[in-house]
2 protein chains.
Amino acid sequence: MKAEIITIGSEIMLGQTLDTNSAYLGRRLASIGLEPTYQTSVGDNKKILSGVIKGALERSDVVITTGGLGPTVDDVTKEVVANVLKRELILNKHILSQIKARFQKRRLRMPKRGRHQAFLPEGATVLDNREGTAPGFIVEHNKAVLISLPGPPRELKPMFEDKVFPYLKKKFGTRVTKTRLLNVVGLTESAVDEKLGDISKREGNLEVGLIAHPTGVQIRITAGGPVGNEESINELISQAENGFRERLGDYIFGVDEETLEKVVGVLLSLRRKSIAVAESCTGGLISHRLTNVQGSSNYFLDCVVAYTNQAKIDILKVRRETLNRFGAVSARVAQEMAEGIRKISGATLGLAVTGIAGPGGATQKKPVGLVYLALVSDDTNLTEEHHFSGSRETVKLKASQAALDLVRKYLLKE
Amino acid sequence: MKAEIITIGSEIMLGQTLDTNSAYLGRRLASIGLEPTYQTSVGDNKKILSGVIKGALERSDVVITTGGLGPTVDDVTKEVVANVLKRELILNKHILSQIKARFQKRRLRMPKRGRHQAFLPEGATVLDNREGTAPGFIVEHNKAVLISLPGPPRELKPMFEDKVFPYLKKKFGTRVTKTRLLNVVGLTESAVDEKLGDISKREGNLEVGLIAHPTGVQIRITAGGPVGNEESINELISQAENGFRERLGDYIFGVDEETLEKVVGVLLSLRRKSIAVAESCTGGLISHRLTNVQGSSNYFLDCVVAYTNQAKIDILKVRRETLNRFGAVSARVAQEMAEGIRKISGATLGLAVTGIAGPGGATQKKPVGLVYLALVSDDTNLTEEHHFSGSRETVKLKASQAALDLVRKYLLKE
């Protein structure tokens with residue numbers, strides 16, 4: 001079963017409004033096995049819209065339009081739909097009285113074009129609009145179904161969830177599709193691809209894809225099957241997940257919405273450890289990310305962002321000699337920073353980062369993107385050297401990810 | 001002249017990634033009179049993509065694809081483009097050496113499929129990728145132009161701005177549309193609307209809109225006309241801007257891409273002042289934002305994130321008595337934190353924030369969202385009390401914005 005989404009509105013084409021409806025509808029349709037194969041956006045242009053709707057009805061089982069149902073002259077959806085399906089637009093008295101009541105309640109006079117919204121294509125099923133005046137509708141046409149929804153997400157979502165989703169599920173919901181994301185850190189997209197090798201191929205009901213981020217990679221596992229087979233679908237996904245975990249091991253840090261800072265927080269809580277951070281080039285980002293997690297005050301103690309050498313000496317007690325001999329961007333300084341913040345705060349773990357975020361600050365021996373990490377505890381003394389590429393903000397982001405991952409790897413071994 | 005955008009990726013169709021490229025490209029194309037007439041998204045499916053590209057080349061002058069250029073088996077764009085245009089894929093040695101160098105610099109081995117990215121359709125103009133390994137390309141085909149860009153926005157945007165936009169402007173630009181954004185802090189959307197009153201209406205070639213953000217409001221002024229009328233368009237926008245500035249004064253902190261941290265940095269440099277920050281509930285976000293600005297090491301000295309009372313006492317020298325009497329979330333503690341960090345660092349300005357980001361930590365007298373700010377210098381001692389709404393991350397963001405704005409307002413008066 002193929003589904004297709006058409007979003008209508010010149011403000012979308014001109015980039016003044018970001019279309020979030022397509023992603024939302026895509027997610028919901030896929031969950032019942034209605035694979036979205038095309039998503040098209042067009043402006044408020046009758047001829048173009050007419051062509052797109054005709055084409056969609058020829059190739060897809062379900063066509064959903066969003067937008068263009070309002071009262072203004074720009075709103076052409078109903079007229080075009082009626083034309084394509086060769087049906088009349090008919091006044092629906094029930095809707096007209098609802099619209100009138102809505103205006104009365106707000107003590108406003110109904111504008112002339114308000115009446116316009118009460119016309120629907122002949123034979124359409126009305127979808128009431130809880131959040132606005134423009135109703136939506138469903139028309140069955142030959143073997144296909146055309147569904148028109150209003151554009152504003154706060155009107156579209158309740159209408160879709162209350163009426164359209166149950167309708168589609170009953171009529172077409174022959175399949176169930178489930179998705180799991182595996183979040184990977186410390187490997188590039190190509191490295192993940194290589195490690196997965198042949199097992200990353202699409203295979204039967206299982207589909208695997210990679211999504212690259214500056215901070216890592218997400219593996220998307222999607223599987224579907226006939227309604228009633230939820231258990232075997234879950235099993236299929238879990239099997240795939242196990243296969244990937246065998247090859248990637250601890251490079252996988254979490255699933256679905258889990259962030260690295262969240263996972264680090266859970267591990268710190270489990271191991272009953274506290275952490276303090278000394279940052280230089282990351283400028284407070286590691287601390288910011290750790291404290292984005294609700295409840296982080298249970299394990300995060302404090303952070304010093306020592307941007308100047310003086311602050312490294314005065315606050316973190318880095319030795320002037322170490323700075324002179326190795327330079328501020330060095331493994332040794334990272335180590336002394338980590339020791340310093342750990343001593344000051346009394347935390348179990350001291351984490352430190354020093355590097356060159358760029359675009360300035362590079363020397364011949366120390367390029368932009370060079371970053372040193374250090375993690376110290378009673379019995380640990382780890383350092384790492386990294387070379388990151390990208391803009392200042394990207395280097396900061398990648399360095400913060402590597403630093404959090406250093407903590408995670410250490411805690412996993414504990 | 002008609003333009004058309006095709007975004008490629010199953011993750012978009014399934015709603016796992018929100019397509020923001022189409023809106024961005026639509027905005028930029030429209031600004032030079034290349035009206036985007038169709039925007040289509042499809043999955044990583046060769047047959048479907050092939051049909052969409054063929055159709056697009058028949059009806060449009062400019063076709064831009066985004067996504068599907070990476071090294072994995074999912075990435076089908078180049079193969080399909082070559083097929084549709086009946087051209088060979090040819091190894092580009094220059095790109096291959098660039099990709100190899102990129103991996104070498106990061107001390108990584110180039111994976112086998114890395115080579116795949118160095119193949120381009122015959123006769124294509126290469127678009128270098130500053131932020132990743134996948135190059136883009138331009139192919140002229142009959143009267144149309146096909147441009148393929150990588151999917152990740154941070155790779156696509158610099159490539160588009162550096163190479164594609166100037167190319168399109170020269171080849172197709174007939175109209176000019178200019179937009180100026182005025183960035184406002186400290187007022188809600190309705191407050192801005194009220195202050196602007198009648199002058200915010202659309203009028204002739206001028207269009208005005210408000211965009212609300214958690215951190216403030218942007219006023220969007222847009223005006224257009226045929227190529228050659230740049231001066232009168234600029235004049236129209238400047239007149240509108242002057243009118244808005246008369247009504248809003250220093251609530252406008254910058255234009256276009258200028259961030260508050262950037263503006264604060266410029267003011268600190270101009271006034272030859274340095275700053276140090278003591279954070280509690282914002283968790284390092286203020287320091288992170290200040291250090292996102294290139295060259296911030298000239299005025300930003302250091303930051304202490306004192307999440308615990310002990311850190312406030314030990315590092316920032318907040319008096320235990322003050323903490324006991326007023327509580328950690330109080331104007332007095334904010335003040336002592338600001339004095340403490342100023343003394344430690346020797347900075348001209350000490351900035352401090354303490355508050356409750358939530359969702360936990362509230363008491364009957366101190367609700368979630370209560371935040372105190374303090375700014376101290378030789379002759380200044382300012383505090384502010386704020387009540388912010390929203391999630392933990394939103395409260396952190398709003399508090400960081402208010403803190404930076406406190407610094408800005410102070411520096412403006414200096």
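Letters go in sequence order (proteins before strands), and every chain restarts at 1.
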Note, [X] side chain near [Y] side chain (heavy atom, < 4.5 Å):
| X | Y | answer |
| --- | --- | --- |
| A:Thr37 | B:Ile48 | yes |
| A:Val305 | B:Asp302 | no |
| B:Met13 | A:Gln39 | yes |
| B:Lys396 | A:Thr291 | yes |

Please rank [options] by heavy-atom pairs under 4.5 Å with chain B and give me the top one.
| options | result |
| --- | --- |
| A:Ala30, A:Pro214, A:Gly43 | A:Pro214 |
| A:Ser41, A:Ala212, A:Ala191 | A:Ser41 |
| A:Val42, A:Leu285, A:Thr40 | A:Leu285 |
| A:Gly361, A:Gly295, A:Gly360, A:Pro359 | A:Pro359 |

Contact class of [X] relative to chain A, heavy atoms under 4.5 angstrom:
| X | answer |
| --- | --- |
| B:Gln294 | both |
| B:Arg130 | neither |
| B:Asp74 | side chain |
| B:Arg154 | side chain |
| B:Arg102 | side chain |
| B:Val395 | neither |
| B:Pro36 | both |
| B:Val52 | side chain |
| B:Leu25 | neither |
| B:Asp19 | backbone |
| B:Ser345 | neither |

What part of [X] gets closer than 4.5 Å to chain B, counting heavy atoms only: side chain, backbone, both or neither?
| X | result |
| --- | --- |
| A:Pro367 | neither |
| A:Asn45 | neither |
| A:Thr282 | backbone |
| A:Thr188 | side chain |
| A:Glu385 | side chain |
| A:Ala311 | both |
| A:Val192 | neither |
| A:Leu210 | both |
| A:Tyr38 | both |
| A:Leu14 | both |
| A:Glu194 | side chain |

Sequence neighbours excluded, which residues qualify as ring pair (Phe, Tyr, Trp, His ring centres under 6.0 Å) partners of B:Tyr299? none

Winner by heavy-atom pair count (cut-off under 4.5 Å) against chain A, out of [options]:
| options | result |
| --- | --- |
| B:Gly9, B:Ala306, B:Ala3, B:Ser297 | B:Ser297 |
| B:Pro158, B:Ser287, B:Cys303 | B:Cys303 |
| B:Thr177, B:Val293, B:Thr20 | B:Val293 |
| B:Ile5, B:Asn292, B:Thr308, B:Val304 | B:Asn292 |
| B:Gly151, B:Ala23, B:Cys281 | B:Ala23 |
| B:Met110, B:Glu131, B:Arg289 | B:Glu131 |

The test is side chain to side chain contact (heavy atoms under 4.5 Å, CB included); show your working for A:Ser296 and B:Arg392 and say whether it passes. CA-CA 12 Å; A:Ser296 48; B:Arg392 180 178 181 86; 3.3 Å; yes

Can you classify the ring geometry of B:Phe300 versus A:Tyr307 as parallel (below 30°), tilted (30 to 60°) or perpendicular (above 60°)? perpendicular

Does B:Glu35 have more than 12 heavy atoms from other residues, nucleotides or ligands lying within 6.0 Å of its CD? no

May I ask you to check whether over 12 heavy atoms, not counting those of B:Lys262, lie within 6.0 Å of atom NZ? no

Residue pair B:Arg109 / A:Ser190, side-chain donor-acceptor N/O under 3.5 Å: no

Between B:Thr17 and A:Arg220, a side-chain donor and acceptor under 3.5 Å: no

Could you walk me through whether B:Lys105 and A:His387 satisfy the side chain to side chain contact (heavy atoms under 4.5 Å, CB included) test, starting with their C-alpha distance in whole Å, then the side-chain angles of each, then the deciding distance to 0.1 Å, before giving a yes or no? CA-CA 7 Å; B:Lys105 198 175 149 201; A:His387 293 261; 5.8 Å; no

Between OG1 on residue B:Thr222 and CD on residue A:Gln16, distance to nearest 0.5 Å: 6.5 Å

